[in-house]
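Here is the structure we will look at, set down as structure tokens.
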Amino acid sequence: MDSGTTTCEATTQEYLATIERKSGLNAFLSVFGEQALMRARDIDRKRAEGRSGRLVGMIVGIKDALCMKQERVTCASRMLEHFVSLYDATAVARLEQEDAIIIGKTNLDEFAMGSSTENSAFGPVRNPVDESRVPGGSSGGSCVAVAAGMAHTALGTDTGGSIRQPAAFCGVVGLKPTYGRVSRYGLVALSSSFEQIGPFANSVADAARVLQVIAGHDPRDSTSATVPVPEYEASLTRDVRGLRIGLPREAFTEGLNEEVHTAIEKTVDALRREGAIIQNVTLPHSRYTISTYYILMTAEASSNLARYDGARYGYRASAPRDLTEMYVRSRSEGFGAEVKRRIMLGTYVLSAGYYDAYYRKAQKVRRLIQNDFFAAFRDVDCVLMPTTPTTAFKLGEKIDDPLAMYLSDVYTVSANLAGVPAISIPCGADRQGLPIGVQFIGKQFDEPTVLRVADAVENLLKLGSQPRSWS
Ligand code: GLN
């Protein structure tokens, strides 16, 4: 754009054409064609007057769990299929203030529940690297939009891995910020004490630039932190000398695919050669992470989803005989199987008699898991581990086996339980060419360190050009 060879309008047109051509991947639930072009023309005019924002020309996809005024927000559920939001999510509004162009809303697992994007009421998303495979989930649409060149960046949400796991499966960068770093105002609530909004990008620098814009306190979200926002780009020094990186013993055990393990080891070697100090750490409660997460997240989700009663939001069953039947049939017809499973599980662990045995106990274990991280961070500056135990699996492979599906989150949920920031970046591929991700987890609000080490690794491994990155 600076050299005058393209404009926001031309870029938008090009991305719209790519979206059209790749519609078979099913990444988008709505595309803002004419509207995006109009905005692009406006921004081009502003540019000509020399007053454009920091994200000028960036084409962005938004997970369809985030509100945009006057647009549908479906959460990939029949329940909200025709629901139109009344206001903008803060993260979206902040992107627009900086002249990013929102190109559409992306597909997801229904209410962000899942690890494969097969739970969408509007059909599964396909992995662009191998279309017979899942892209991961739940932010599969946002991830694929970025991986397949349909957007420069995209916003996803990460409750237990929904940004990092798909990023690993599709070979892009995915960042889950510290809990409280980004306002959740305008994000349809699923699991309020876990979820964070974060970017997908084709480079760590792009992820840093998006975070810069969306991070920071918002009076409309009382859980958003008042901690000052540092200059993230300034942390991308490529210098990792003396940086202490911890390898949790518990992450390198059975269940970890050999090729994933090898790629992680190569990353560790590269960092060691650059002068990073690699040491072992222990996260002794790691084996409880999945059970703790699936007790607490289902409890929170069952409570958050109580609002979909057929009266106040979304779908209402036709011709109910009475009020009770309206509730029962609206919820039975509006929600998909995984959502129902979690509502039942969550209601169960919160019910009198089981609350102490499950919910309260899981809260205590959550604190122990968090303390494990705090203890590790006394010795190291960040933790390195695989993002996922395997590469992308086949569509349909795990859909009838919820436990197997839940286990694909084994390395990602701990950062959500502890509320700490984590990033996944590509670190190689298996023999079939399927991407492998490495994850860096940092101290609370220490996104600068995870971004710095991720950017250094991206540069060291040079896994190929990133023609679709924005900067
Ligand atoms: N796969 C996890 C789950 O199903 C995480 C989902 C998410 O992060 N939104 O709950």
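For this chain, numbers begin at 1 and follow the sequence in order. As a basis for the values below, the full set of heavy atoms in this structure was taken, side chains included, without hydrogen atoms, waters or symmetry mates. One-based numbering, in listed order, for ligands and for the atoms of each.
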Around atom [atom1] of [X], are there more than 12 heavy atoms from other residues, nucleotides or ligands closer than 6.0 Å?
{"X": "Y288", "atom1": "OH", "result": "no"}
{"X": "R367", "atom1": "CZ", "result": "no"}
{"X": "Q363", "atom1": "CD", "result": "yes"}

Do the ring planes of Y293 and F194 sit parallel (below 30°), tilted (30 to 60°) or perpendicular (above 60°)?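 Rings of Y293 and F194: perpendicular, over 60°.
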
Return the orientation label for the F111 and Y308 ring planes: parallel under 30°, perpendicular over 60°, tilted otherwise.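 Aromatic pair F111/Y308 classed tilted.
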
May I ask you to check whether F393 and F169 place their ring centers less than 6.0 Å from one another?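 Aromatic pair counts; centres sit under 6.0 Å.
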
Between Q165 (side chain) and S408 (backbone), is there a donor-acceptor pair under 3.5 Å? no

Does any N or O in the side chain of R181 come within less than 3.5 Å of the main-chain N or O of V227, such that one atom is a donor and the other an acceptor? yes

So, is G137 polar-close to ligand 1, with some N/O to N/O distance under 3.5 Å? no

Contact check: T157 vs ligand 1, nitrogen or oxygen atoms, below 3.5 angstrom: no

Ligand 1 contact on Y293 by region, counting heavy-atom pairs under 4.0 Å: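 Just the side chain.
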
Give the contacting part of Q165 toward ligand 1: side chain, backbone, both or neither, where contact means a heavy-atom distance below 4.0 Å. neither

Measure from atom 2 (C) of ligand 1 to every heavy atom in T412, D409, D158 and give the option owning the shortest one.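 Result: the heavy atom closest to atom 2 (C) of ligand 1 is in D409.
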
Could you work out, for atom 9 (N) of ligand 1, the closest of S139, G161, G156, S162 by heavy-atom distance?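 Selected option, by shortest heavy-atom distance: S162.
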
Quick one: does Y294 get a heavy atom under 4.0 Å from ligand 1?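 Y294: in contact with ligand 1 (<4.0 Å).
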
Heavy-atom gap R342 to ligand 1 smaller than 4.0 Å: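 Contact check R342 vs ligand 1: positive.
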
For [X], atoms of ligand 1 separated by under 4.0 Å from a heavy atom:
{"X": "S138", "answer": "7 (C), 9 (N)"}
{"X": "M297", "answer": "10 (O)"}
{"X": "G160", "answer": "5 (C), 7 (C), 8 (O)"}
{"X": "A112", "answer": "6 (C), 7 (C), 9 (N)"}

